[in-house]
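Only one structure is covered here, and it is reproduced in the block below.
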Amino acid sequence: MSSTWPKHDMSFLGGRRQRRLRRTEWMRNMVRETVLTPHDLILPIFVEAGSNTRSQIKTMPGVERVSVDLAVEVARAAAAEGIPALAIFPNTEDERRNENGTEAFNPDNLTARTLRAIKDKVPEIGLITDVALDEYSSDGQDGLVRDGEILNDETVDVMVKAALMQARAGADIIAPSDMMDGRVAAIRAALDDEGFGEVAIMSYSAKFASAFYGPFREAVGSGSRLKGDKRTYQLDYANTDEAMREVEQDIAEGADMVMVKPGMPYLDIVRRVRDEFDVPVSRWTEVPQVELETAPHVQVLADAPETGAGLVYDEARHMLHMFNHLEYDTETLARVRSEADPGLNPDYGSLS
C-alpha cells in the first residue's frame with residue numbers, strides 16, 4: 001500500500017535536504033556538534049575520617065563519603081573509566097572545626113591526606129581542591145565571621161594559606177568557591193611566589209545564593225551548623241550581569257577556568273560566559289533527589305522526600321530559582337509565584 005503513496009513536488013527546496021545528514025548512524029556521529037565523553041567530567045569525592053569506612057549521604061541517595069584509603073580506590077576506578085580529575089571535598093570532624101577555620105590549612109587535614117595518598121597510588125589522575133571555610137568552620141560560613149559580618153580580607157588571608165597547603169600536598173587545580181573579593185589574585189600571587197606556577201585555578205566565579213545547595217552541605221557536614229545565610233557574598237540568583245562582572249574580574253585576576261554553580265538551572269549564565277569569555281567553563285549541577293513531572297511550559301521538580309538531615313525540598317523556592325534562568329512567559333511565572341506564596345518577596349526565605 002505504501003508504494004502507491006504519491007510524492008509531493010518538493011522542487012521548491014532547490015535541492016536543500018536537511019535530513020541527508022541524519023540518514024545513518026555513522027553520518028550522525030560524523031557531524032555531531034556536541035560530544036560528551038568521560039574526559040569532559042570531573043568526579044566529586046567526599047572524604048571522611050577513619051579507615052576502610054564509608055557512609056551514605058542522606059541527601060544524595062547512592063552517593064557515599066569514603067575514608068582516605070577507599071578514596072584511592074575510587075580514584076583508581078575513575079582513572080580506568082577515563083575520568084580526568086577528582087574534586088575532593090572533606091567532611092571535617094566536629095572537634096577539628098572552629099570559628100577561625102584553622103583546619104583549612106592544617107597540612108595533615110583530610111584534604112591533604114587524600115591528596116598525598118592518591119598522588120602516590122594514582123598519579124595519572126588530576127586532583128582539584130576546594131578552597132572555602134565552610135568545610136572547616138564551626139558556623140558553616142565560607143568566611144570568617146565577626147559580629148555577624150562575613151569578613152572579606154581576613155578570609156582571603158586564610159584561603160591563601162589553605163591554597164598553598166593544598167599545592168604542597170599535590171593539588172593540580174585550586175578551586176576557590178567562597179566568592180570573596182580578590183581571592184583569585186591573592187592565591188595566584190602566592191602560588192607563583194612559592195614556585196607553584198603550574199598549579200591552575202578554577203574559580204567558582206558565578207556562584208549564586210541558591211536553594212539547591214542542601215545536598216552538598218549535608219555531604220560536607222556544614223548544613224546543620226550554618227548560622228545565617230550567604231547572600232552578602234554569593235550572587236543574587238536573579239542577577240546575570242553581575243555574574244558577568246564576577247567572571248570578568250576573576251579572569252583578570254588570573255583564573256584559568258571558571259565555574260557556574262548551580263549549573264542545571266543557570267544554563268543561560270553558562271551560555272553567556274561561553275559567548276563572552278575565551279576560557280574553559282565548568283558547571284556544577286546540584287539537585288535534590290526528586291522526580292520530574294511534565295508541565296505545560298517547564299519541567300517541574302516535585303514530590304521530594306524528607307531527607308532525614310533537617311533539609312526538606314521546597315518545591316516553590318527551587319522552581320523560582322530555575323524560572324529566573326529559563327525562557328518562560330509572564331503568565332507562567334505569575335502562576336508559579338502566586339502558587340508559591342501570594343506575598344512572595346524577591347528574597348523568598350533564607351537562600352544561600
Side-chain angles (χ1 to χ4, degrees), residues 34 39-42 44 84-89 126-134 142-143 150 152-164 166-167 171-210 212-213 230-286 324-325:
T34 303
H39 292 163
D40 297 302
L41 305 177
I42 296 169
L86 303 178
I88 300 170
F89 299 96
L127 297 177
I128 303 171
T129 49
D130 184 44
V131 182
L133 298 188
D134 56 327
D142 290 22
I150 312 301
N152 191 94
D153 300 3
E154 294 86 344
T155 297
V156 170
D157 191 68
V158 176
M159 294 189 52
V160 167
K161 295 176 183 177
L164 287 174
Q166 293 171 358
D172 300 294
I173 299 175
I174 303 295
S177 65
D178 60 301
M179 292 297 290
M180 299 295 134
D181 289 341
R183 87 277 204 214
V184 172
I187 291 171
R188 182 73 273 161
L191 290 172
D192 291 348
D193 287 347
E194 288 223 2
F196 294 111
E198 77 286 354
V199 174
I201 294 177
M202 179 173 65
S203 176
Y204 287 64
S205 299
K207 184 176 181 181
F208 291 85
S210 171
F212 283 87
Y213 297 158
K230 303 187 178 185
R231 286 178 286 179
T232 64
Y233 51 99
Q234 293 179 353
L235 286 164
D236 186 322
Y237 71 89
N239 289 0
T240 64
D241 290 340
E242 185 181 12
M244 295 305 104
R245 294 195 295 271
E246 286 280 4
V247 172
E248 182 177 29
Q249 180 166 329
D250 281 1
I251 294 171
E253 291 183 13
D256 302 284
M257 297 170 273
V258 297
M259 182 183 291
V260 176
K261 181 179 180 180
M264 182 193 72
Y266 291 77
L267 293 178
D268 60 329
I269 305 297
V270 176
R271 182 71 264 171
R272 283 195 64 182
V273 174
R274 201 76 183 96
D275 289 343
E276 296 183 27
F277 303 100
D278 188 22
V279 296
V281 183
S282 301
R283 67 182 178 93
W284 178 295
T285 296
E286 295 185 55
N324 269 273
H325 298 273

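Note that the structure is predicted; figures quoted are calculated from it, not measured.
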Please assess R245 against D241 for the test salt bridge (Lys or Arg N to Asp or Glu O under 4.0 Å), listing each intermediate value before the final yes or no. CA-CA 7 Å; R245 294 195 295 271; D241 290 340; 5.6 Å; no
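- From E276, atom CD reaches atom CZ of R271 across 10.5 Å, with rounding to the nearest 0.5 Å.
- Inter-residue side-chain proximity for V273 and M244 is flagged as met; some heavy-atom pair is nearer than 4.5 Å.
- Separation of atoms CG (L127) and CD1 (I42) is listed at 11.5 Å; rounding is to 0.5 Å.
- Minimum interatomic distance between T129 and I174 (heavy atoms only, all atoms of both residues): OG1-CD1, 3.5 Å.
- Under the 4.5 Å side-chain criterion, counting only non-hydrogen atoms from C-beta, S210 is in contact with Y266.
- The nearest pair of heavy atoms linking A206 to V247 is CB-CG2, 4.3 Å.
- Note that OH of Y213 and CG of D134 are 11.0 Å apart. Values are rounded to the nearest 0.5 Å.
- The shortest non-hydrogen separation linking A175 to I128 is CB-CG2, 3.9 Å.
- Summarising the geometry, atom CD belonging to E246 is positioned 9.5 Å from atom CZ belonging to F208; distances are rounded to the nearest 0.5 Å.
- The main-chain N or O of M180 is never found under 3.5 Å from a side-chain atom of N152 such that the two would form a donor-acceptor pair.
- Nearest heavy atom pair, residue M202 against residue M259, reads CE-CE, 3.7 Å.
- Smallest separation of non-hydrogen atoms from S205 and L235: O-CD1, 4.3 Å.
- Residues meeting the ring-ring contact (aromatic ring centres under 6.0 Å, His included) test with F89, sequence neighbours left out: F46, F216, W284.
- Listed for the D172 side chain is no donor-acceptor partner under 3.5 Å among the backbone atoms of G126.
- Taking 4.5 Å as the limit, some side-chain heavy atom of I269 sits within range of a side-chain heavy atom of T240.
- Checking each of D130, D142, D178 against K207 for a salt bridge (charged side-chain N to carboxylate O under 4.0 Å, His left out) leaves exactly one that passes, namely D142.
- One N or O on the side chain of R183 and one on the backbone of P176 form a donor-acceptor pair closer than 3.5 Å.
- Between D268 and R272 there is no salt bridge, since none of the side-chain N atoms of the basic residue sits less than 4.0 Å from a carboxylate O of the acidic one.
- Note: K261 NZ to S177 OG = 6.0 Å, rounded to the nearest 0.5 Å.
- The shortest non-hydrogen separation linking L191 to A167 is CD2-CB, 3.8 Å.
- The distance from the CZ atom of R283 to the CZ atom of R274 is 13.0 Å, given to the nearest 0.5 Å.
- Counted within 6.0 Å of CG on D278, heavy atoms from surrounding residues, nucleotides or ligands total 12 or fewer; the atom is thus considered open.
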